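All of these numbers come straight from a predicted model, not from anything done at the bench.
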Amino acid sequence: MSVGHISTPTMAFCTRHVVRGFSSSALRPAVIKHVMIIGGGQMGAGIAQVAASTGHSVTLVDTSEEILNKSVKGIEGSLKRVVKKKFADKPEAGAEFIHKVLQSLSTSTHAESVIQSSDLVVEAIVENLKVKQEIFGRLDKLAPQHTIFASNTSSLPIADIASSTSRLDRFGGLHFFNPVPMMKLVEVIATPATSQETFDSLLNFSKVLGKTPVSCKDTPGFIVNRLLVPYMLEAVRLYERGHGSKEDIDIAMKLGAGYPMGPFELSDYVGLDTIKFIIDGWCEKDPGNPLFKSSEMLNKLVSEGKLGRKSGEGFYKYK
Ligand SMILES: CCCCCCCC(=O)CC(=O)SCCNC(=O)CCNC(=O)[C@H](O)C(C)(C)COP(=O)(O)OP(=O)(O)OC[C@H]1O[C@@H](n2cnc3c(N)ncnc32)[C@H](O)[C@@H]1OP(=O)(O)O
Ligand SMILES: NC(=O)C1=CN([C@@H]2O[C@H](COP(=O)(O)OP(=O)(O)OC[C@H]3O[C@@H](n4cnc5c(N)ncnc54)[C@H](O)[C@@H]3O)[C@@H](O)[C@H]2O)C=CC1
């Protein structure tokens, strides 16, 4: 991995945008080659997979070798599903593709030793502001000048996470969707301090990953979760009131509204702990808002360690 190198695109880049807080020598968006993903859970592993599949060298960071081994195993499994479709008639090319992707992927339990060679850091750890701030604050002191920081947070203000660093202009949000290899959308979030170059780099990066980016303001839930969270919570309340079984609610929303998963299936898929983090955070900030009222049932499931698919049980059982 080359250290601290960053190249710029050969094509002329349109500079008609308003430039926000960046030196004139860096008016063009940076090309991102070396990516560090922090957090090897369902989102981090998915982002790492897609980035390594699209020509980036990727280091996936988590707290233990055991977790990272599990992440890489999951990535291998997902890649096999991808090539089964993409290389349906060419199994050898499929095997070669997997080999190449895995060669572009390394793992580490020590972000500090990788940061020097990272053009972009994408954080996908637990949905907790203090933990995210702590990790970015630490890495900010060691990161090269050009390195862009991005958070995959579902619900926290990007500006609050960025405030632990001195690179407010090189900080933005990159919000991916689960499962990352399948979901085409990325929400790209600029805070008022994010430079236009950083925003353009994040937009370009999303496109290189094969995704469709949309531009979002740094407002609670951005676009998708601002609409999805109240819907999912109302489904739980409907069930708590005894107005429908969870199975019927799921069937109804799949067959009646065309959703690929019903709200309970999707909650288990996303992770009930993540949903609880989101709701608790929003409820604390806006306690009077009935849309963000927490759910007893959700709290109970999380306190019992029933976090959804990842723990084997949530609203449904998966063992
Ligand atoms: C209060 C709540 C707030 C939430 C806030 C936190 C969350 C966030 O911040 C933002 C989010 O991510 S929200 C969640 C967004 N995601 C969704 O809505 C997913 C909905 N589900 C689906 O699209 C499909 O069921 C899905 C694509 C998953 C699966 O497709 P199918 O239903 O057709 O089922 P399968 O037969 O299993 O899959 C079909 C084929 O898809 C491929 N595939 C699926 N998962 C894959 C994966 N992980 N990796 C690679 N390929 C994958 C695969 O080709 C599969 O075919 P087979 O391999 O032959 O089965
Ligand atoms: N689950 C979902 O559907 C989506 C989640 N997100 C967001 O992505 C982030 C991660 O979510 P998931 O992948 O679902 O969580 P997860 O629980 O599957 O994975 C989190 C990973 O972060 C690791 N981790 C925790 N602290 C760490 C640290 N200090 N250093 C390195 N690694 C650390 C954990 O060991 C774990 O492997 C959250 O901010 C969440 O809100 C965004 C979009 C969708």
Side-chain angles (χ1 to χ4, degrees), residues 36-48 60-64 66-68 70-71 108-112 115 120-143 149-168 171-178 180 187 189 191 216 218-222 224-226 228-229 232-233 266-287 289 292-295 298-311 314:
M36 171 158 65
I37 315 285
I38 312 178
Q42 37 185 355
M43 293 308 292
I47 300 165
L60 185 59
V61 174
D62 209 301
T63 50
S64 77
E66 198 190 339
I67 295 174
L68 287 165
K70 205 173 143 202
S71 310
S108 174
T109 53
H110 195 238
E112 288 80 352
I115 188 68
L120 171 68
V121 176
V122 182
E123 165 276 313
I125 65 170
V126 62
E127 187 73 344
N128 180 303
L129 179 61
K130 282 214 166 70
V131 184
K132 288 183 194 285
Q133 284 176 332
E134 189 279 322
I135 209 157
F136 276 124
R138 198 153 31 88
L139 291 177
D140 182 46
K141 296 184 180 71
L142 304 167
F149 286 1
S151 175
N152 182 52
T153 179
S154 296
S155 66
L156 299 168
I158 300 295
D160 287 2
I161 305 172
S163 68
S164 64
T165 74
S166 61
R167 59 184 71 221
L168 303 186
F171 206 117
L174 268 185
H175 185 221
F176 290 83
F177 292 80
N178 190 13
V180 182
E187 293 179 329
I189 302 113
T191 74
C216 294
D218 191 16
T219 54
F222 316 124
V224 172
N225 285 343
R226 184 61 183 80
L228 191 60
V229 171
M232 304 267 269
L233 280 172
L266 186 58
S267 296
D268 279 356
Y269 196 72
V270 164
L272 303 190
D273 52 339
T274 299
I275 296 175
K276 181 171 157 51
F277 268 125
I278 296 171
I279 295 161
D280 288 352
W282 287 1
C283 187
E284 201 182 310
K285 281 201 163 163
D286 189 1
N289 192 333
F292 305 150
K293 206 166 144 267
S294 71
S295 146
L298 185 69
N299 291 345
K300 183 167 178 293
L301 287 169
V302 172
S303 72
E304 291 167 352
K306 295 174 182 165
L307 308 182
R309 277 184 190 233
K310 63 182 165 187
S311 71

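Proximity of a side-chain donor or acceptor of Thr109 to a complementary backbone N or O of Thr63 within less than 3.5 Å is not detected. Without hydrogens or angle criteria, Asp140 side chain to Ser166 main chain gives a donor-acceptor distance under 3.5 Å. Using modelled atom types, one side-chain atom of Glu187 and one backbone atom of Val224 make a donor-acceptor pair closer than 3.5 Å. Side-chain N or O atoms of Asp62 include one that pairs as donor or acceptor with a backbone N or O of Gly40 at under 3.5 Å. Of the possible donor and acceptor atoms, one in the side chain of Gln133 sits under 3.5 Å from a partner among the backbone N and O of Asp160. Asn225 places a side-chain N or O within 3.5 Å of a backbone atom of Ser154 that can act as its donor or acceptor partner. Listed for the Lys276 side chain is no donor-acceptor partner under 3.5 Å among the backbone atoms of Leu298.
Residues Lys293 and Leu233 fail the side-chain proximity criterion, which asks for heavy atoms closer than 4.5 Å. Annotation: side chain of Leu120 is not in contact with side chain of Met36 (no heavy-atom distance under 4.5 Å). Under the 4.5 Å side-chain criterion, counting only non-hydrogen atoms from C-beta, Ser71 is in contact with Leu60. With contacts defined as side-chain heavy-atom distances shorter than 4.5 Å, the pair Phe171/Thr191 does not qualify. For the pair Leu307/Val302, a side-chain contact is recorded, criterion being any heavy-atom separation below 4.5 Å from C-beta on. Side-chain contact between Ser155 and Phe277: absent, with no pair of heavy atoms (C-beta onward) separated by less than 4.5 Å. Looking at heavy atoms from C-beta onward, Trp282 lies out of side-chain contact with Asp286 at the 4.5 angstrom threshold. With contacts defined as side-chain heavy-atom distances shorter than 4.5 Å, the pair Ile38/Val122 does not qualify.
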| Can Glu304 and Lys300 be said to form a salt bridge (charged side-chain N to carboxylate O under 4.0 Å, His left out), step by step? | CA-CA 6 Å; Glu304 291 167 352; Lys300 183 167 178 293; 2.8 Å; yes
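When every heavy atom of Ser151 is checked against every heavy atom of Ile161, the shortest pair comes out as OG-CD1, 3.6 Å.
Note on Asp218 versus Arg226: no salt bridge recorded, every NZ/NE/NH1/NH2 to OD/OE distance being 4.0 Å or above. Salt bridge status for Lys310 with Asp268: absent, with no side-chain N to carboxylate O gap under 4.0 Å. Between Glu134 and Arg138, at least one side-chain nitrogen of the basic residue sits less than 4.0 Å from a carboxylate oxygen of the acidic one, meeting the salt-bridge criterion.
For the side chain to side chain donor-acceptor pair (under 3.5 Å) criterion with Thr153, the lone passing option out of His175, Glu123, Glu127 is Glu127.
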